[in-house]
Amino acid sequence: MASTATMRFPTNSTVTAGTESFPRRNSISGFISSRSSSSHSKSIFLRRTFNYRSVNHNLNLRRRNSFSVVKCVSGKQKVKDNELQQQEATTSLSSFAPDATSIVSSIKYHAEFTPLFSPEKFEIPQAYIATAQTVRDALIINWNATYEYYEKLNVKQAYYLSMEFLQGRALLNAIGNLELTGPYAEALSQLGYKLENVAHQPDAALGNGGLGRLASCFLDSLATLNYPAWGYGLRYKYGLFKQRITKDGQEEVAEDWLEMGNPWEIIRNDVSYPIRFYGKVVSGSDGKKHWVGGEDIKAVAHDVPIPGYKTKSTVNLRLWSTKAASEDFDLSAFNSGRHTEASEALANAEKICYILYPGDESIEGKTLRLKQQYTLCSASLQDIIARFETRSGASLNWEEFPEKVAVQMNDTHPTLCIPELMRILIDIKGLSWKDAWNITQRTVAYTNHTVLPEALEKWSLDLMEKLLPRHVEIIELIDEELVRTIVAEYGTADSDLLEKKLKEMRILENVELPAEFADILVKSKESVDISSEVLQVSKDEGEEDGNGNDDEVEEAVAEKDGTEKSSIEDKIEELPEPVPEPPKLVRMANLSVVGGHVVNGVAEIHSEIVKDDVFNAFYKLWPEKFQNKTNGVTPRRWIRFCNPDLSKIITQWIGTEDWVLNTEKLAELRKFADNEDLQKQWREAKRNNKVKVAAFIKERTGYSVSPDAMYDIQVKRIHEYKRQLLNIFGIVYRYKKMKEMSAAERKESFVPRVCIFGGKAFATYVQAKRIVKFITDVGATVNHDPEIGDLLKVIFVPDYNVSVAEILIPASELSQHISTAGMEASGTSNMKFAMNGCLQIGTLDGANVEIREEVGEDNFFLFGAKAHEIAGLRKERAEGKFVPDPRFEEVKKFVRSGVFGPYNYDELIGSLEGNEGFGRADYFLVAKDFPSYLECQEEVDEAYRDQKKWTKMSILNTAGSSKFSSDRTIHEYAREIWNIEPVKLP
């Protein structure tokens, strides 16, 4: 007998479906829309098919497991019945039968009892939420089992701190890792929906580019490889921004990914930590430092389970949101009509997690960014320390902290982990400076992601001193210890060398040396080459009124130099104005190097640049600290799930699906690269993906493109060093040459191409936004030119994100990775393209170098200057010796002719002209590499005309991509930096 639900529906007393009539029932589980094969759908009532007792038992079990985890994290009494609960969790997991019938029942249950929508409808958004909640049930069971097993063994755990986690959509990835794609597709089909349509929901707006996507790939690999690890980040309400393309170029609006709720997260309202800003530092009677006063907020945990592939191991991504205590709401001010003032404290707390990378041109923006970074570090470390204390129990020994905890800082954003861990250990836990510093250095490691000076973060010392006064004291002491180490290493005999090393290596920039070392760099002062003997006038010869010394000095100088006294006076009058005092800064990268036990680059060439240039002085001092960890991407999301057609072909020819976990097996494709049957299947899979992209482009942009053209793609963050400008200049040259030819000549000379761009320009990066505008203007002209037709199309895909990449990359045939050599740390999109059989045109930069080595030099289109040549080429430009190629000048003139519309591109083109000046002189060498780029593109056209050769090259790219799995990268981090071992659940 069905239970009576309390939900009400505005329906008639009976509903007719087909030839049957059903009595009215107040239950959403019976009110799920079923789409018939006819042109319209009807709502019918479905009977419940699940067993309430079983559901309630499982729910209660899940609640107990979840509660036990929260108790552990928050430091309560440790759970004693680990083995029993492990057995219960395993039993519960096995009861979640992976068949369509049980999944339908679970979806219907969540639609009724955990709804985020009104019960009148069951459309795609409702279906998505209910479906995601059923998947989350399985993930929570696995998550609890994983956590409790780690707790039981008290294993060493790695913690990955990152300002970004660019996850993408979760549903297909989660059910794929759980091996439930088929049952879920069938279940949703029974409910009248297609899985791919239900899964088509907003991406989690928690990142922007490669930094965040790398972090998410790492979490997938950590779970898949059974490593004990968690990720920590911030829960951004509005993300970076949603990009819209209009006639004026890029426009930014807030992301809306949380408007319908996030079914993947579990809010842990009882897991929160205090975060303090401002205030002051006082010394207590016990001799300890106390940080008091200021502004207090709370960081609240939101957990997102991350499943591994074909394993029960499920790691956690813990995201922090921020809020103020309810008592901080000024009720008196509100009732007096001062509403904004009343909620000011709440608003100040909540806005910390509003957006990723708020604009920092204002002091308010800088303050907000620094608050974000400190919130991530402080909340995460408090959580990590609470877990360590709980697991240690009565045998707590702080010396063992690095033996149980590894903290990885993903770039410099989490650098405040170093002084924050020191603060907690010294001020709260009572450790000595020596012990705290030893523990911190053994715990923390730093990944460098850039060689660009502007990306090596520096914070105003004044701002940090106001916001985090205790941390500045600690940083000053670390800097003092570093100065002591530098002086001990280099001595004081060569003051010029010592001064150079101190200037290069100190954490505090433009700050006086600590008092202990104030005199070591004092030199004799010289002015206009006057010797100290001439300047020293005896008191006996001086005038009583004090004027005589100046005259005598000037006469002495005139006598020495053979000049008149009057000319000396002129020189003195012509002295320049005093130079303003440079700002005092905290160099976060230097602090990361000093405070961590390992510094790693993310590609072989990048790691060499880090050692030879960026941190050369540190490398000479501590060579053992520096390592390389070439980036990788997860083959689950980036080929197995996003390119199922190609995945089936690979499995068929290799003879096993083990390549998804052991990508080394992809190399077996090499022996079949010339096989005509494989090549035919390969081309068919590629064309099917191109057809999907053509439909996607039509939907997003309104432009029609041919799936028979070459798909040439450059998708990445818009930045001058990534040189989207070089790409679009090459396209303009191609278009101009086409316009100069007859139709027959065009067809004979050019391979049809669809040139696709995607990526976001940072909201305040004006030049990058000009590039976006230029690309869209070129597209608007070319795409409407009837003479050109399908020979050339230029597409800018708006709001590029992970889900867009999952559509574009499987269809790609040529991808462009054309950054100025030596400026891209690694890149990861190049790895994704290679895995999917896409050929690449690029410079010897970042991971391009290793990709070319792995796939074979003949299967990579190389052009451009080399990294070691860049400095000399810039010097040549500054000296006025560079002569641009006539074709480059031709393109500039063509653009300025107005052929692409009335917009004034002088500022954009001006950055490529001149020999010196900020924003001038072609710093990224677009003009220098332009002729080489054009010639390389001619080689691309020639290769593409021979489809058999091109397909073989494509196969060899996939076969050579095995190195670039994030599984390989994570194994290296685990062995060589974190010292953690896989822990597989029983």
Side-chain angles (χ1 to χ4, degrees), residues 71-79 147 150-161 228-230 232 271 273-276 281 283-291 299 301 318 374 376-409 414-446 468 470-471 473-478 480-482 485 591-592 594-598 625 974 977-981 983:
K71 289 204 302 185
C72 292
V73 173
S74 53
K76 305 289 185 182
Q77 180 181 353
K78 194 169 182 179
V79 177
Y147 184 87
Y150 294 168
E151 187 91 353
K152 176 184 176 182
L153 299 180
N154 192 15
V155 296
K156 182 174 184 179
Q157 191 163 328
Y159 299 96
Y160 197 83
L161 272 65
W230 276 22
Y232 281 104
V271 181
Y273 297 97
I275 309 294
R276 171 166 291 163
V281 180
S283 296
S285 57
D286 55 0
K288 290 184 179 179
K289 294 292 184 76
H290 299 276
W291 182 15
R318 177 156 284 180
Y374 179 61
L376 170 64
C377 296
S378 181
S380 302
L381 282 172
Q382 289 183 70
D383 195 45
I384 292 166
I385 288 170
R387 189 170 302 109
F388 169 74
E389 290 178 318
T390 299
R391 291 181 178 178
S392 298
S395 60
L396 177 65
N397 179 358
W398 286 106
E399 182 63 26
E400 294 178 356
F401 188 79
E403 307 303 321
K404 297 296 182 181
V405 171
V407 174
Q408 189 69 36
M409 303 184 300
T415 301
L416 287 169
C417 280
I418 294 167
E420 175 66 359
L421 183 54
M422 291 288 291
R423 182 189 72 85
I424 294 173
L425 293 176
I426 296 170
D427 297 353
I428 299 175
K429 304 303 177 183
L431 274 67
S432 68
W433 174 276
K434 180 180 178 181
D435 290 342
W437 184 237
N438 178 267
I439 290 168
T440 299
Q441 283 193 305
R442 290 164 55 207
T443 300
V444 175
Y446 161 53
L468 304 169
R470 178 58 176 142
H471 297 77
E473 289 186 350
I474 292 169
I475 290 169
E476 287 174 340
L477 289 172
I478 296 172
E480 182 176 334
E481 183 61 33
L482 175 62
T485 300
L591 177 56
S592 294
V594 174
H597 65 97
V598 171
K625 275 195 181 191
I977 297 180
W978 304 332
N979 192 28
I980 60 174
E981 299 289 339
V983 178

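A quick note: this is a predicted structure, and the numbers were derived from the prediction, not measured.
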Please round to the nearest 0.5 Å and tell me the distance separating atom [atom1] of [X] and atom [atom2] of [Y].
X      : Y      : atom1 : atom2 : value
Leu431 : Ile424 : CG    : CD1   : 12.0 Å
Met422 : Thr440 : CE    : OG1   : 5.0 Å
Lys156 : Glu400 : NZ    : CD    : 12.0 Å
His471 : Trp291 : NE2   : CH2   : 5.0 Å
Ile474 : Leu591 : CD1   : CG    : 10.5 Å
Leu381 : Leu416 : CG    : CG    : 10.0 Å

Problem - Mutual orientation of the aromatic rings belonging to Tyr147 and Trp230 [parallel < 30°, tilted 30-60°, perpendicular > 60°] - result: tilted
Between [X] and [Y], a side-chain donor and acceptor under 3.5 Å:
X      : Y      : value
Tyr374 : Glu420 : yes
Asp383 : Ser380 : no
Arg387 : Gln382 : no

Testing the basics here: between [X] and [Y], what is the closest heavy-atom pair and its distance to 0.1 Å?
X      : Y      : value
Tyr273 : Ala379 : CD1-O, 3.9 Å
His290 : Ser283 : CD2-C, 4.5 Å
Gly596 : Ile418 : N-CD1, 4.5 Å
Pro414 : Cys377 : O-SG, 3.3 Å
Gly595 : Trp437 : CA-CH2, 3.7 Å

Problem - Short side-chain to backbone donor-acceptor contact, Arg423 and Arg470, under 3.5 Å - result: no
Exercise for the section: Please confirm whether the backbone N or O of Val155 pairs with a side-chain atom of Lys404, one donor and one acceptor, at under 3.5 Å? Expected result: no
Problem - Check against side-chain contact (heavy atoms from CB on, under 4.5 Å), Leu425 and Asp435 - result: CA-CA 9 Å; Leu425 293 176; Asp435 290 342; over 6 Å; no
Exercise for the section: Using ring-ring contact (aromatic ring centres under 6.0 Å, His included) as the criterion, list what pairs up with Phe388, not counting sequence neighbours. Expected result: Trp398, Phe401
Exercise for the section: Verify side-chain contact (heavy atoms from CB on, under 4.5 Å) between Lys288 and Asp427, making sure each step is shown before the conclusion. Expected result: CA-CA 6 Å; Lys288 290 184 179 179; Asp427 297 353; 5.8 Å; no
Are any non-hydrogen side-chain atoms of [X] and [Y] less than 4.5 angstrom apart?
X      : Y      : answer
His597 : Lys625 : no
Ser592 : Met409 : yes
Tyr160 : Tyr232 : no
Arg318 : Val271 : yes

Problem - Candidate pair Thr390 and Glu151, rule side-chain contact (heavy atoms from CB on, under 4.5 Å), full reasoning - result: CA-CA 9 Å; Thr390 299; Glu151 187 91 353; 3.9 Å; yes
Exercise for the section: Decide side-chain contact (heavy atoms from CB on, under 4.5 Å) for Val407 and Tyr446; before the verdict, give the C-alpha distance in whole Å, the side-chain angles of both, and the deciding distance to 0.1 Å. Expected result: CA-CA 9 Å; Val407 174; Tyr446 161 53; over 6 Å; no
Exercise for the section: Using a cut-off of 6.0 Å, state whether more than 12 heavy atoms not belonging to Glu981 lie near its atom CD. Expected result: no
